[in-house]
Novice: 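Take this structure first; my questions come after.
All figures in this text were calculated on a predicted structure; none of them were measured in a lab.
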Amino acid sequence: MKVVIIGGTAGGAGVAARLRRLDENVEITIIEKNSYISWAGCALPYFAGGVIQDRDTLFLATKEMFYQRFRIEVLEGLRAVGIDRENKNVLVEDAILPTKNPRAIHYDKLVIATGAEAVVPAFARYRNDDGIFTMRSIEDAEGVRNYVKSHNVKSAVVVGGGFIGLEACENLRRLGLKITLVEKAPQVLTPVDPDIANYLHRELDQAGVTLKLGVGIRDIPVLKEEDKAEGSDGAELKVELENGEIINTQMVIMSLGIRPASSFVEKCGVELTSRGYVLVSDTMQTSDPNIFALGDVVTVQDVYEHRLGTIALAGPASKQARVLASNLLLNGADGQAESLEGNAAAHHYHGSLGVSIVRVLHLTAGAVGANRHLLRLQGYPEEQIGEVTVHTPHHVSWFEQALPVHLKVLFDKRSGLILGAQAVGEVSIDKNLEVIAALMQKNSTVYDMVEFESAYAPPFSAPRSPVNMAGSTAVNVVEGLEDSISCEQLQRLAPEKTVFLDVRTPEEYGAGSIPHFINAPLDSLREYLEDHPIDPNKQYVVTCQVGVRGHTAACLLHHAGVQHVMNLSGGYVSWVAHNYKLKNA
């Protein structure tokens with residue numbers, strides 16, 4: 001059997017190596033448009049910024065190694081331009097010097113692992129010589145690195161505030177460049193909710209990065225001589241924003257997202273989504289039983305909603321590679337292959353939670369599962385969405401260098417099912433998100449978060465970890481001991497129908513408070529209620545510094561006869577983060 005794999009990065013190379021381990025006799029060929037295979041795409045911003053110095057460390061394997069170790073042939077510098085399904089041929093041409101007469105490479109089984117390519121507006125394409133770059137290839141990162149040095153670059157505009165854009169900001173800022181980040185959404189890192197994103201806004205703002213949020217770009221013309229202002233540090237480009245603002249700069253990094261590299265598949269009849277992603281079953285088989293696909297070019301199912309989505313991460317691609325390789329060998333090479341659905345021997349990819357994480361200067365932020373915006377888009381009942389935020393040290397507070405973990409969990413108020421989580425802080429963010437991700441894979445509830453056992457010792461954790469604390473707070477909501485309210489929801493409450501109580505100490509309250517909240521310290525709350533009887537016609541909202549004392553106050557009010565009492569999720573700390581105003585915008 002001859003297997004042809006189009007694409008030699010994480011997914012394609014993973015399939016090839018796995019196939020060889022499973023079967024010594026199958027003939028395997030990789031077609032790759034670049035002059036290299038199996039390289040670390042996630043490392044590109046760090047290579048561009050000089051954190052990774054040696055270009056060779058980006059390569060995980062070579063063409064020569066693949067042949068020597070696996071007897072796998074790698075055809076470099078070729079681009080797939082079509083698929084002849086009837087004759088089982090891939091049509092390819094030279095990636096650098098294409099011709100009108102592509103050559104045919106025969107296959108018995110075909111694997112599409114072409115990944116994705118950067119989304120770039122027409123006005124910004126093919127402009128590396130002008131200082132306009134993407135960050136999708138080693139050549140891109142090397143071009144940025146060399147351009148910064150050769151042009152003595154002192155300023156750059158990063159367009160797009162997703163993972164790549166944030167990593168580009170961090171690495172270029174570490175080189176000393178003056179950075180402006182332009183993002184059309186009202187926040188960076190849209191997988192997290194605005195209150196979590198605000199921690200990143202503050203970190204970037206305080207590091208001198210200028211944030212232009214809620215606005216896109218219109219054009220990037222080269223500056224004319226008469227437009228170059230004195231003291232402009234050699235600016236050669238003019239970034240025109242949709243609101244009419246002009247930013248003069250020396251370099252632009254385009255990180256507006258990706259689209260599937262699937263144009264060569266469109267005419268062959270393999271089923272695609274409206275956005276061009278290849279449709280696969282959970283066996284990684286396409287609508288053609290002889291063709292499989294994986295990685296950034298395919299759709300995958302969301303674990304909970306079973307909706308089709310896309311995950312541009314190397315981790316899911318490597319898991320898909322194991323499933324695909326095993327299933328490909330189940331499908332005979334006699335031309336009579338059928339769908340693997342219902343085949344008891346088939347392996348299955350069970351979808352992705354989309355666990356993601358990014359470092360932004362001193363902070364780390366990440367998410368798993370759904371955020372509030374996604375839950376609303378999916379039609380999840382608003383009244384069933386529970387939300388809790390905890391701000392707790394990553395280890396016991398009395399041990400040295402205790403740093404806060406800001407952890408937010410979304411859950412179903414009725415069942416306690418965990419729907420998603422987001423976190424930001426300097427340390428332990430990966431650990432806490434990975435715990436919640438592992439629980440979510442087993443359809444766990446917030447009760448399981450309470451039961452989870454962390455590895456406790458003073459330098460590492462606390463007897464009750466951030467996951468335990470968030471779980472306990474969520475269980476209080478599920479069991480009706482209190483209701484939680486977010487900062488966003490708080491701002492929509494009618495003051496005339498609500499009693500707002502801040503149960504912090506007078507000193508804390510005096511240092512900063514939330515509008516409409518009256519100071520009623522927890523330790524004297526009973527006395528306060530004697531002088532201010534419960535109003536049965538009003539709802540009550542309590543807050544403290546981080547929410548712990550607020551829970552005690554909510555319980556006290558509940559026992560005192562309050563019918564509806566809400567505890568501000570995350571307390572005053574969440575309010576400050578939610579309402580952070582940019583200084584450098």
Side-chain angles (χ1 to χ4, degrees), residues 1-23 26-32 37-38 70 72-73 75 80 82-92 105-116 260-266 268-273 276-301 308 310-312 314 316-343 345-352:
M1 179 167 66
K2 181 174 182 179
V3 176
V4 174
I5 300 169
I6 310 173
T9 53
V15 170
R18 177 72 173 165
L19 274 175
R20 176 57 72 229
R21 295 186 185 104
L22 295 175
D23 191 326
V26 63
E27 182 183 346
I28 306 169
T29 300
I30 296 175
I31 298 171
E32 171 56 49
I37 62 167
S38 192
F70 300 116
I72 293 172
E73 184 181 15
L75 303 179
I83 302 173
D84 178 357
R85 291 170 56 202
E86 183 177 355
N87 296 302
K88 290 189 177 181
N89 288 325
V90 178
L91 306 178
V92 300
I105 298 176
H106 182 71
Y107 66 85
D108 295 310
K109 302 296 172 189
L110 180 64
V111 177
I112 301 172
T114 44
S262 62
S263 58
F264 70 98
V265 185
E266 293 174 357
C268 76
V270 168
E271 196 171 353
L272 305 176
T273 71
Y277 287 92
V278 180
L279 280 167
V280 292
S281 67
D282 63 2
T283 61
M284 310 314 298
Q285 192 175 40
T286 72
S287 57
D288 183 327
N290 289 308
I291 301 177
F292 295 73
L294 79 163
D296 296 1
V297 75
V298 306
T299 57
V300 295
Q301 282 195 334
L308 292 177
T310 59
I311 299 292
S318 64
K319 296 175 180 65
Q320 293 165 11
R322 289 180 63 88
V323 169
L324 192 159
S326 298
N327 288 335
L328 189 148
L329 295 175
L330 293 176
N331 231 226
D334 56 4
Q336 303 300 314
E338 298 179 353
S339 170
L340 289 170
E341 187 174 350
N343 188 322
H347 293 238
H348 301 275
Y349 181 68
H350 298 293
S352 176

Novice: Which heavy atom in Ile72 sits nearest to a heavy atom in Ala17, and how many Å separate them?
Specialist: CD1-N, 4.2 Å
Novice: Kindly give the heavy-atom pair with the smallest separation between Ile6 and Phe264, and that separation in Å.
Specialist: CD1-CE1, 3.7 Å
Novice: Contact between Ile105 and Val92 at the side-chain level, heavy atoms closer than 4.5 Å - yes or no?
Specialist: yes
Novice: Is it the case that the side chain of Arg18 and the backbone of Arg21 share a donor-acceptor pair, with hydrogens and angles ignored and the cut-off at 3.5 Å?
Specialist: no
Novice: Looking at Ser287, is its backbone amide N or carbonyl O close enough to the side chain of Glu271 to form a donor-acceptor pair, meaning the two atoms are under 3.5 Å apart?
Specialist: no
Novice: Closest approach of Ser262 and Val297, non-hydrogen atoms and distance?
Specialist: CB-CG2, 3.9 Å
Novice: Side-chain contact, heavy-atom cut-off 4.5 Å: Val111 with Val3?
Specialist: yes
Novice: So how far is it from Asp296 CG to Thr9 OG1, rounded to the nearest 0.5 Å?
Specialist: 7.5 Å
Novice: Does any non-hydrogen side-chain atom of Asn327 lie less than 4.5 Å from one of Phe292?
Specialist: yes
Novice: Could you tell me whether the side chain of Leu279 reaches within less than 4.5 Å of the side chain of Thr273, counting heavy atoms only?
Specialist: yes
Novice: Taking the side chain as everything from C-beta on, heavy atoms only, tell me whether His348 gets closer than 4.5 Å to Thr283.
Specialist: yes
Novice: CG/Leu330 to CG/Asn343 distance, rounded to the nearest 0.5 angstrom?
Specialist: 5.5 Å
Novice: Within a strict 4.5 Å, meaning less than it, do heavy atoms of the Leu272 and Val265 side chains meet?
Specialist: yes
Novice: Taking it one step at a time, do Thr286 and Leu110 satisfy side-chain contact (heavy atoms from CB on, under 4.5 Å)?
Specialist: CA-CA 10 Å; Thr286 72; Leu110 180 64; over 6 Å; no
Novice: Checking Ser38 side chain against Ala13 main chain: does a donor-acceptor pair fall under 3.5 Å?
Specialist: no
Novice: At what distance, to the nearest 0.5 angstrom, does CG of Asp23 lie from OG of Ser326?
Specialist: 11.5 Å
Novice: Nearest 0.5 Å, what's the CG-CG distance between Leu328 and Leu22?
Specialist: 10.0 Å
Novice: How about Val280 and Tyr349: do any of their side-chain heavy atoms sit closer than 4.5 Å?
Specialist: no
Novice: Would Ile5 and Ile31 satisfy side-chain contact (heavy atoms from CB on, under 4.5 Å), going step by step from the backbone distance to the final call?
Specialist: CA-CA 6 Å; Ile5 300 169; Ile31 298 171; over 6 Å; no
Novice: Quick check: do Glu73 and Ile28 have side-chain heavy atoms less than 4.5 Å from each other?
Specialist: no
Novice: Please report the closest heavy-atom contact between Ile291 and Tyr107, naming both atoms and the distance.
Specialist: CD1-OH, 3.9 Å
Novice: Return yes if some donor-acceptor pair links the side-chain N/O of Glu32 with the main-chain N/O of Gly8 below 3.5 Å, else return no.
Specialist: yes
Novice: How long is the straight-line distance from NZ of Lys88 back to CG of Asp288, given to the nearest 0.5 Å?
Specialist: 8.0 Å
Novice: For a quick test of reading the model, state the closest non-hydrogen atom pair linking Ala80 to Val90 and the distance between them.
Specialist: CB-CG1, 4.2 Å
Novice: So does Gly14 get a backbone contact from the side chain of Arg322, meaning a donor-acceptor N/O pair under 3.5 Å?
Specialist: no
Novice: Among Gln285, Lys109, Glu338, Arg85, find the residue that satisfies the side-chain hydrogen bond (donor to acceptor under 3.5 Å, both in side chains) test when tested with Asn290.
Specialist: Lys109
Novice: Using 0.5 Å steps for rounding, measure from the CG atom of Leu91 to the SG atom of Cys268.
Specialist: 10.0 Å
Novice: Where do Ala325 and Val15 come nearest, in terms of heavy atoms and distance?
Specialist: CB-O, 4.1 Å
